[in-house]
Amino acid sequence: MAHVTALHLKYKYPGSDTLALHDISFSVERGECIGIIGENGSGKSSLCQALAGLIPGFYKGAYGGKVLLDGQEAAHMDADTLCRKVGLVFQNPFNQVTGAKLTAYEEVAFGLENIGVPREEMHARVREAMELLHIYEYREHYPFDLSGGQMQRMAIAGVFAMRPEIIVLDEPVSQLDPQGRKEVFEAIRTLSGHGITIFLAEHNMEQIAAFCDRVALLHEGRLICMDTPARLFSRDDLETYGVEAPVFTKLARVLQVRGQDGLFPVTLEETKRLFMEKRQTGAGVLEWLE
Amino acid sequence: MKSISLYEDKGTFLNRTAPESKLLYILTAVSVPALTGIEWAGIAFIALSALLLLTGRVLKKTLPVLGVSGFIMLTVVVIQGMFRRENMTPVFSLGPCVFYREGLYFAFQIILHILNILLSFCVLMLTTKPSDLIESLVRRGFSPRFGYVFVSVFQIIPQMTETMGIIMDAQRSRGMETEGNLLTRAKAFLPLISPVVMSSLVNTRERAMALEVRGFNSRCKKSFLNPRVKTAADRYIQAMELALIASALGWRILLWLM
Ligand SMILES: Nc1ncnc2c1ncn2[C@@H]1O[C@H](COP(=O)(O)OP(=O)(O)OP(=O)(O)O)[C@@H](O)[C@H]1O
Ligand SMILES: [Mg+2]
């Protein structure tokens, strides 16, 4: 059985007259990492929130279709079950600091206190999460004093400690500096390595291509296509949906370097390998890009 | 660390005392003089609070608090001392203003009350981590939502004002009108303030969602990371406080029966 399934998911915000999500259906296996891309306003955040059950739990508005988590309908789960099942990480790390705690350690434990995890286990989980995301050394720091990347990893740790099977990240690095981005992407890779099903909304196509097993392209609330990065980024019509392929793919397209499957490469390694194989001089360009 | 809080951990006995003991202390300090009607009881509690603040090494921090309320107390002295209806016996005069014994005595009683309440609150507030205080209340059945709001505003507001400052500066540096007549300036102020309002609306919504996904609305019984602090000393202190209140109450009932 698929781990996460969307069936004819529709959603309209209260007071709005266009659908933010328009008949979206897909299914995702356990442990997959799914990228969510699309131009501004295409519905990425709305989809993320629907997957985490905040739509329709938190937002009212017109809702149709369903999201199934492990075969159970998200809309019918209570707050408690839902937050043990799915975690959601937002764009702005600052907004995810509860403000109720004076140290990063207590901050990570916040969710565990809410769902009544026993104290011993709470300590074990908080420590595990913080060590995994390399923030254990900041455990005594005042949460608001952390850097953006550290703060975001603290937010991820807070979600991870709840032991969800699914983690949805909505542009988790868009407000971070390059160092913070790197830290957070490493953190996401770690989560993925733990068998967690991941949804990652992101504007950086290179990262999406490097990270994700499959990518969902949204446009005006519709799911245009959900496919492997190579197949999706090899499409000719990406520009009509307001997205661009990774630079490597664009370069390969210009030079018409394709793999055996007829698709363009999407990551640096692949591109390099193909360029070498075809003995094209483009390899020099890539080294420079790197 | 920026937080609107008067608390600072000095590692003193008072810091280690359970918040409940200190809450109960306020109740004792306020109720015992009120119930017994004995004036020196108020004075005794003021002295005790001062002593506690001294041993808690926070007496200095009490001064600004007193300074603010000092103004109110002064007003009470002036108004009651000069104009209280029962005023009969002049004590002294400052130029044309005559102060009377009855009014001054009444003002003195009010000041005793104010000081007593103020100082006993200081004993709690200056030596207790706000989050510990709220947590101890939540353990006793106080709503976790109210508790959260209570603690978090003190942390989040200073952070938000900082962000707002940044936005305002950014707008201003884009050449917002700061000159001209009132209408021009008002018009210029709107675009200046609207990103601030917008961002705080979005932030509030996002924050609410972030709390939601961390089980804030879970109906489970909450657990607590930190164990409840209740030392043997706390047990004695609380027993003593309760005994004091009970005997004051007994005294009151006795007076009333006789
Ligand atoms: N709270 C809301 N109320 C009403 N309409 C909303 C709300 N949030 C989003 N929308 C609308 O829903 C549509 C999808 O928005 P969404 O935020 O999901 O897009 P997005 O892909 O995440 O965009 P971005 O890249 O800017 O984050 C947009 O047309 C947007 O205007
Ligand atoms: Mg978004």
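First the proteins, then the strands, lettered A, B, ... as listed; each starts at 1.
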Proximal component of E120(A), with respect to chain B [non-hydrogen, under 4.5 Å]
neither
I'd like to check the ring pair (Phe, Tyr, Trp, His ring centres under 6.0 Å) partners of H194(A); sequence neighbours left out, ordered by chain and number.
F160(A)
Pairs where residues 63-84 of chain A contributes a residue and the test ring pair (Phe, Tyr, Trp, His ring centres under 6.0 Å) is met, not counting sequence neighbours
none
Check each of N114(A), D80(A), V117(A) against C220(B) using the side-chain contact (heavy atoms from CB on, under 4.5 Å) test, and report the only one that passes.
D80(A)
L112(A) versus chain B, the contacting section by heavy-atom distance below 4.5 Å
backbone
Looking at every heavy atom in both G215(B) and M162(A), which two are closest together, and how far apart are they?
N-CE, 4.1 Å
Strictly less than 4.5 Å between heavy atoms, which residues of residues 139-148 of chain B line up against chain A? Please order them by number.
R139(B), Y148(B)
Atom NZ of residue position K66(A) - does it have more than 12 heavy atoms of other residues, nucleotides or ligands inside 6.0 Å?
no
Find the distance between CZ (R205(B)) and OH (Y59(A)) and round it off to the nearest 0.5 Å.
3.5 Å
Just by modelled atom types, is the F224(B) backbone N or O under 3.5 Å from a matching donor or acceptor in the R119(A) side chain?
yes
What are the two closest heavy atoms between Q91(A) and E206(B), and how far apart are they?
N-OE1, 4.2 Å
Output a table of donor-acceptor pairs, distance under 3.5 Å, between side-chain atoms of residues 97-105 of chain A and any protein atom two or more places apart or on a different chain; print 'none' if there are none.
residue: T98(A); atom: OG1; partner: A100(A); partner atom: N; Å: 3.1
residue: T98(A); atom: OG1; partner: E107(A); partner atom: OE1; Å: 3.0
residue: T98(A); atom: OG1; partner: E107(A); partner atom: OE2; Å: 3.2
residue: K101(A); atom: NZ; partner: E113(A); partner atom: OE1; Å: 2.8
residue: T103(A); atom: OG1; partner: E106(A); partner atom: N; Å: 3.2
residue: T103(A); atom: OG1; partner: E106(A); partner atom: OE1; Å: 3.2
residue: Y105(A); atom: OH; partner: H123(A); partner atom: ND1; Å: 2.7

Need one label for V108(A): side chain, backbone, both or neither, based on atoms under 4.5 Å from any heavy atom in chain B.
backbone
Part of F94(A) lying under 4.5 Å from any heavy atom of chain B:
both
Ranked by heavy-atom pairs below 4.5 Å to chain B, first place among V86(A), D78(A), I115(A) goes to I115(A)
Where is the tightest heavy-atom contact between L54(A) and M209(B), given as atom of each residue plus distance?
CD1-SD, 3.6 Å
Region of F58(A) in contact with chain B, defined by heavy-atom distances below 4.5 Å
side chain
Closest approach of S223(B) and M122(A), non-hydrogen atoms and distance?
OG-CE, 3.6 Å
